[in-house]
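Proteins get letters first, then strands, A, B, ... in listed order; numbering begins at 1 in each. Computed from a prediction, not measured in an experiment: that's the story for all the values here. Heavy-atom basis, side chains included; hydrogens, waters and symmetry copies ignored.
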Amino acid sequence: MASKVLDKSYDPHQVEGKWYTFWEERGYFRADENSEQKTYSIVIPPPNVTGVLHIGHALNNTLQDILIRFKRMEGYNVLWMPGTDHAGIATQNVVEKQLLEEGLDRHQLGREKFIEKVWKWKGQSGGTIISQLKKLGASCDWGRERFTMDEGLSDAVKEVFIRLYQEGLIYRSHYIINWCPRCQTALSDLEVEHQETSGKLYHLKYPFRKSDRFVVVATTRPETMLGDTAVAVNPEDERYRSVIGEKVVLPVVNREIPVIANSYVDIEFGTGCLKITPAHDFNDFEIGLTHGLEQIKVIDEAGRMNENAGPYQGMDRFACRDQMVEDFKRDGVLIKIDDYPHVVGHCYRCKTIVEPNLSLQWFVKTKPLAKTAIEAVQKGRTRIIPPVWEKTYFEWMENIRDWCISRQIWWGHRIPAWYCKPCGEVIVSKETPVSCPKCGSDGLTPETDVLDTWFSSGLWPFSTMGWPKKTKLLKRFYPTSVLVTGFDILFFWVARMMMMGLKFMGDIPFRDVYIHGLVRDERGEKYSKTRGNVVDPLDLIDRFGADALRFTLAALTMPGSDLKLSESRTEGYRHFANKIWNASRFALMNLEAFDLDEMNQRPHPEKFNLPDRWIRGRLNQAIREVRKSLEEYKFNEASHTLYQFIWHEFCDWYLELSKLTLYKEGDQKRKGLTQRTLLEVLDAILRLLHPFMPFITEEIWQQLPGRKENESIMISTFPKAEEQYDDENVASEMGLIIDVINALRNLRGEMNLPPGEPMTTLLRTRNEETEKRLRKNQSFIQFLALVNEFQLGWDLEKPLHSALTAVREVEIFVPMERSRMEEEAKRLQKEILKIDKESAFVTKKLSNEQFLSKAPPEIVEEVKQKAAEFRTQREKLEESLLKIKERLR
RNA sequence: AGGCACGUAGCUCAGGGGGAGAGCGCUACCUUGACGCGGUAGAAGUCUGGGGUUCAAAUCCCCACGUGCCUACCA
């Protein structure tokens, strides 16, 4: 069968789309819940439904696809569950911005209309990221694609909410929470980003009632003083002991507030007096509770001062601060202002400074859930890889606080609760209740809040598989094999899936969590739109091919560290793809006349020639390494092994050596065996590389001659090492040949013999085995070192005028004109110097008594051998140098 | 403030108790029958600094300096 000759260079554009469609149409991506095969499953970290693919997605999904394709080829029944997330606040913000352009806000539109609009936007842009994942080559089971707001997933959310509520693990309470005045919603602790901000520390004077005395409090937020309900001092603080229990008068509002004692107050800080604003500060809130203080809100949901702010009512909280500072200066309340850098919380979606605010919210009691989640990792039921992240996980889980899950936005899962107006009963139920079960009234009002997006994401590993229904899919594929994700959502998502999975499935959601780093630019900066350094993965795919991008990401992925992407690297791997392409082109050209019937026979390994046997042994090694690396999630090692083997062993050595057999030798039998090796090794290389570079490997594989057991490389088997080709002798024999060829090339370079000019060489060795090996492989040496005249023997005379080098037990002579002997003398001197430098270290070791007595014997032996080698090598060089010098005299 | 990483060739980074590695870049030569997206050869590093453990330290331990990240309620 004749195979098609490939084009001269690889063009991804003509290949990628074609094969993706082929795979998808044939259903290779599909998992089979009815199969009895061993399973392997991954749920995709769902990207924002209206988002576009960024480089972080490209990394995350490339790694998953490598694992998935590897396991699929290994014969597993593989499920890669895809889907998207509704991303509540983020998506709502986008649609609100669109409305703004039309001069509208969502309140003018109304809840229903607004949600309709979001769904419409989801419909328009929702497919984008999925089609982009396909461009990357992601082999997800697209038929099962889920969306967090699907009916089934929404049902799971309700079910979980209700069960947690019934168990008392969800409660509703007035509590201080993080509030974003721009998004107008509560945020969880995690959704607040802490940033160092240069602020001021204001010292304010609070006078005692009917007295000249006063206390001075220090605050970064003077505007909150309007809501102060106490001043706290440390009970140990001598300065204030006498005033505890007395009352001070709050300036502006002239409200009397007590001086209380609380050991939380740091005596050293500021004045040692702490103003307490329970409604606008987390600590003050806690202190307020223990002292039964009143909670006075002075800032409203939009971040403006409210009716409790007296003259400042209606002002923005920051404008109010400025105004108050001016007023305080005037009235003598302000003692001084110090510069004070401190940390301020910002909304992770819109970067607005969050306002700690007292409000009525829904919470999940997380402690009991966290306990089992901690244990699961402690016991190793779930492994976190790399393990450094375990500590971070434990730390967070152990200090977890209750999770505020209600959001005052519209886009999301409505909390399934109703309130009875007449009797105040709260009804939590899946179905809309018709009347109050307690008082029978039908005056029920529904809860308007929606749930935190992460509440539904936390259910992802089982909600996507049909829970709460007991599906076959869950039975087969839960727990999943591994979760691949970035550390940035370890708490947001991974921790919550652990808690929810253990609670509702009674089992961990995944056996392994593989955590990769962030993709940064060449300078190590985070990619960001404001910085203007974003790279579009689709642009990279377009320019270099999806395979090159995938390989780059895999090669740069080091467990536990961020990766710096550079375009030159991707370009380099495009060259690698091209190299593979051309190696295949060479192979196919030389397989045209190959008699495929030969493939039916299984020749004994010894029938093959040295390079054939050698490359098969090296292939075994590469297979073992790639397998091991993949099992350990060491993507960079696997990539490196592949690159090294394919380029520097298969192409640089094997293909070059094969040319001799293919073109120069007349032996048809030998030629057939080499053709066979060429075909088999190339086939294995393609399969080995397929998880990393799916497109190019399929394109070439399809053109390999001969019958194939499968119609696609995707479903062919991942290579296994074939032990009959592991042969130490072959490896060392080839090693000798490679060394000799390198030495000759080296000499050629140093003596400035043009690469094209054939040379004469004489090899002398006293070692019988070595001589035998050299004689056997003489033609390979001649071919690759471009030697036209070749002599070999143990008793050869060194030609009168020649350059000399030595490798292993072989002396290599290359005759030269007499005029070049001066040059040669210099070269020898240089080489001797090099050897002296190297052997100095060895002799030093051997003259050390301690080393000889304490180091392991095999190490000592090794060093001794090296010393001997250096000695003989040096002798030979020296001898040659002396002779040349004599003659030159 | 605490915790965790990291500091190796010009750049990006592997490695990790027994003579310093890769890719890119750089230099010289080469249209050798797949590939110039190529080939051959080469230059290049007190492995941040200082102590310690050891026969032996770039590697393990301590300290310092530098860089990055995460967590945190000092107003």
Side-chain angles (χ1 to χ4, degrees), chain A residues 5-6 8-10 194 201-202 217-221 224 232 264-266 268-277 281-287 340 342-343 356 386 388-389 391-392 395-396 399 487-488 490-491 517-518 520 522-524 544 548 555-556 558 560-569 571-590 636-637 640 643-644 648 651-652 655-656 659 662-663 742 745-750 752-756 784 786 838-842 845 848-856 858-860 862-863 866:
Chain A
V5 173
L6 303 177
K8 209 169 171 184
S9 65
Y10 174 59
H194 297 277
L201 193 60
Y202 304 87
V217 297
T219 180
T220 54
R221 305 195 56 199
T224 62
Y264 164 77
V265 180
D266 183 350
E268 309 293 324
F269 191 90
T271 59
C273 278
L274 174 62
K275 64 190 265 313
I276 303 294
T277 325
D281 184 282
F282 285 89
N283 302 304
D284 293 6
F285 178 81
E286 296 294 338
I287 293 171
Y340 184 65
H342 64 134
V343 174
V388 278
W389 289 105
K391 215 176 160 178
T392 316
E395 191 127 327
W396 189 76
N399 299 311
F487 62 80
D488 48 332
L490 182 61
F491 308 137
L518 254 49
R520 297 167 180 282
E522 299 101 308
R523 291 193 307 273
F544 304 114
L556 292 176
M558 259 73 68
S561 59
D562 288 349
L563 49 119
K564 288 179 203 162
L565 188 68
S566 71
E567 218 173 274
S568 68
R569 207 63 193 256
E571 196 182 353
Y573 292 124
R574 183 189 68 187
H575 296 172
F576 179 49
N578 194 55
K579 186 77 178 173
I580 294 159
W581 182 259
N582 277 291
S584 309
R585 182 166 181 256
F586 169 82
L588 292 179
M589 284 165 69
N590 286 289
N636 60 326
E637 283 183 8
H640 184 249
Y643 188 93
Q644 189 64 29
H648 298 302
C651 293
D652 286 353
L655 290 191
E656 292 309 321
K659 286 174 184 172
L662 296 172
Y663 300 149
N742 279 338
R745 283 173 170 174
N746 192 296
L747 201 62
R748 184 189 278 277
E750 276 174 28
N752 288 316
L753 291 180
L784 289 196
L786 250 161
E838 283 176 349
S839 65
F841 154 88
V842 182
K845 274 206 152 173
N848 183 347
E849 283 296 328
Q850 302 269 30
F851 172 73
L852 293 174
S853 60
K854 290 192 180 169
E858 63 272 19
I859 296 287
V860 177
E862 209 177 285
V863 174
K866 270 181 198 159

Trainee: Under the side chain to side chain donor-acceptor pair (under 3.5 Å) rule, collect the residues that match up with A:Y573, sequence neighbours excluded.
Mentor: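 Residues passing side chain to side chain donor-acceptor pair (under 3.5 Å) with A:Y573: A:R569.
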
Trainee: Could you pull out all residues at least two apart from A:N746 that satisfy side-chain contact (heavy atoms from CB on, under 4.5 Å)?
Mentor: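 Only A:E750 meet the side-chain contact (heavy atoms from CB on, under 4.5 Å) criterion with A:N746.
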
Trainee: In which ranges does RNA chain B form stems of 3 or more consecutive Watson-Crick or G-U pairs, distances under 3.5 Å?
Mentor: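 So far as stems of 3 or more pairs are concerned, RNA chain B shows B:1-7 with B:65-71, B:10-13 with B:21-24, B:26-30 with B:38-42, B:48-52 with B:60-64.
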
Trainee: Can you name the residues that form a side-chain contact (heavy atoms from CB on, under 4.5 Å) with A:K854, not counting sequence neighbours?
Mentor: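 Listed in chain order: A:Q850.
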
Trainee: Nearest to the A:N283 side chain among B:C70, B:C73, B:A34, which nucleotide is it?
Mentor: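 Shortest atom-to-atom distance from the side chain points to B:C73.
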
Trainee: Just jot down the side chain to side chain donor-acceptor pair (under 3.5 Å) partners of A:N283, sequence neighbours excluded, or say none.
Mentor: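 Partners of A:N283 under the side chain to side chain donor-acceptor pair (under 3.5 Å) test: A:Y264.
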
Trainee: Can you name the residues that form a ring pair (Phe, Tyr, Trp, His ring centres under 6.0 Å) with A:H342, not counting sequence neighbours?
Mentor: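 By the ring pair (Phe, Tyr, Trp, His ring centres under 6.0 Å) rule, A:H342 matches A:Y340.
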
Trainee: Who are the side-chain contact (heavy atoms from CB on, under 4.5 Å) partners of A:V265, not counting sequence neighbours?
Mentor: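 Applying side-chain contact (heavy atoms from CB on, under 4.5 Å) to A:V265 gives A:A232, A:N234, A:L274.
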
Trainee: Going 5' to 3' along nucleotides 21-32 of chain B, which nucleotides have protein heavy atoms under 4.0 Å from the base (write B), which only from the sugar-phosphate (write S), and which from neither (write -)?
Mentor: -SSS----SS--

Trainee: Taking side chain to side chain donor-acceptor pair (under 3.5 Å) as the test, write out the residues that go with A:S584, two or more places apart.
Mentor: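 Checked A:S584 against side chain to side chain donor-acceptor pair (under 3.5 Å); zero matches.
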
Trainee: Suppose we screen for side chain to side chain donor-acceptor pair (under 3.5 Å). Which residues come up paired with A:N636, at least two apart in sequence or across chains?
Mentor: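 Side chain to side chain donor-acceptor pair (under 3.5 Å) list for A:N636, sorted by chain: empty.
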
Trainee: Check whether the side chain of A:Y264 and the base of B:C73 form a donor-acceptor pair under 3.5 Å.
Mentor: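 Indeed, a donor on one side and an acceptor on the other fall under 3.5 Å apart.
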
Trainee: Checking A:F491 now: which residues fulfil side-chain contact (heavy atoms from CB on, under 4.5 Å) with it, not counting sequence neighbours?
Mentor: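 A:F491 satisfies side-chain contact (heavy atoms from CB on, under 4.5 Å) with A:L190, A:T392, A:W396 only.
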
Trainee: Could you tell me how far apart A:L518 (CG) and B:A5 (C1') are, to the nearest whole angstrom?
Mentor: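 Taking CG of A:L518 and C1' of B:A5, I get 14 Å after rounding.
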
Trainee: Which atoms of nucleotides 53-56 of chain B (N or O only) lie under 3.5 Å from a protein N or O atom, and what are those distances?
Mentor:
residue: B:C55; atom: OP1; partner: A:K854; partner atom: NZ; Å: 2.6
residue: B:C55; atom: O2'; partner: A:N848; partner atom: ND2; Å: 3.0

Trainee: Quick one: do the A:K564 and A:S566 side chains pair a donor with an acceptor below 3.5 Å?
Mentor: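 Absent: no donor and acceptor within the cut-off.
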
Trainee: Can you find a donor-acceptor pair, distance only, under 3.5 Å between A:K579 side chain and B:C37 base?
Mentor: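 A donor-acceptor contact between them is absent.
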
